[in-house]
Amino acid sequence: MAWIALFAAGLFEVGWAVGLKYTDGFTRPWPTLATVASMVISLGLLGVALKSLPLGTAYAVWTGIGTLGTVVLGILLFGESAEALRLACIGLILAGIVGLKLITP
């Protein structure tokens, strides 16, 4: 259950990271509200996961999921670079997340 909460927390982290782009410096009310809600949910779920997962592992996985999702959505929504070296580096982050999951019960 902790891993599911952690994965969901990572997805909500993606939500608030991308949401920041749409808030226009927190001047747009609805995107701002959605972004803040995603922040609260993400941190709440991270807290749930930390009840049974090691801090370092959970934090690394949480930020890794956030990084991966944000990069992918940055490419898809905002036309950010998808050059091979950038994608290879993102692949290394993914490998780290998988490795941490495999060695942590």
Hey, any chance [X] and [Y] share a hydrophobic cluster, counting ILVMFWY side chains that come within less than 4.5 Å of each other, even indirectly?
X	Y	result
L100	L46	yes
W3	L94	yes
L50	F7	yes
V61	V98	yes
L77	V14	yes

Minimum heavy-atom distance [X]-[Y], with the two atoms named:
X	Y	result
A82	L87	O-CD1, 3.3 Å
A5	V48	CB-CG1, 4.0 Å
A58	L53	CB-CB, 4.2 Å
I75	S81	CG1-O, 3.5 Å

Q. Which is it for L20 and M39 under the side chain to side chain contact (heavy atoms under 4.5 Å, CB included) test, yes or no, and what are the steps along the way?
A. CA-CA 10 Å; L20 284 172; M39 288 176 179; 4.1 Å; yes
Between [atom1] on residue [X] and [atom2] on residue [Y], distance to nearest 0.5 Å:
X	Y	atom1	atom2	answer
E13	T70	CD	OG1	6.5 Å
T32	D24	OG1	CG	8.5 Å
I97	L102	CD1	CG	12.0 Å
L45	I4	CG	CD1	11.5 Å
L11	L68	CG	CG	11.0 Å

Q.
Give me each pair satisfying side chain to side chain donor-acceptor pair (under 3.5 Å) with a member in residues 33-52, each pair once, sequence neighbours excluded.
A. S42-W62
Q. Side chain to side chain contact (heavy atoms under 4.5 Å, CB included) between L43 and F12: does it pass, once the steps are laid out?
A. CA-CA 9 Å; L43 287 171; F12 278 99; over 6 Å; no
Q) Is there a donor-acceptor pair under 3.5 Å between the side chain of T63 and the backbone N or O of A60? A)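 Pair found, side chain donor or acceptor close to backbone of A60.
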Q: Can you tell me which residue pairs pass the salt bridge (charged side-chain N to carboxylate O under 4.0 Å, His left out) test with a partner in residues 72-90, sequence neighbours excluded?
A: E80-R86
Q: Answer yes or no: is there a side-chain heavy-atom contact under 4.5 Å between V40 and W16?
A: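 No, every pair of side-chain atoms sits at 4.5 Å or beyond.
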Q: Using the test salt bridge (Lys or Arg N to Asp or Glu O under 4.0 Å), find all partners of R28 that sit at least two apart in sequence or belong to another chain.
A: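 With neighbours one apart ignored, the set is empty.
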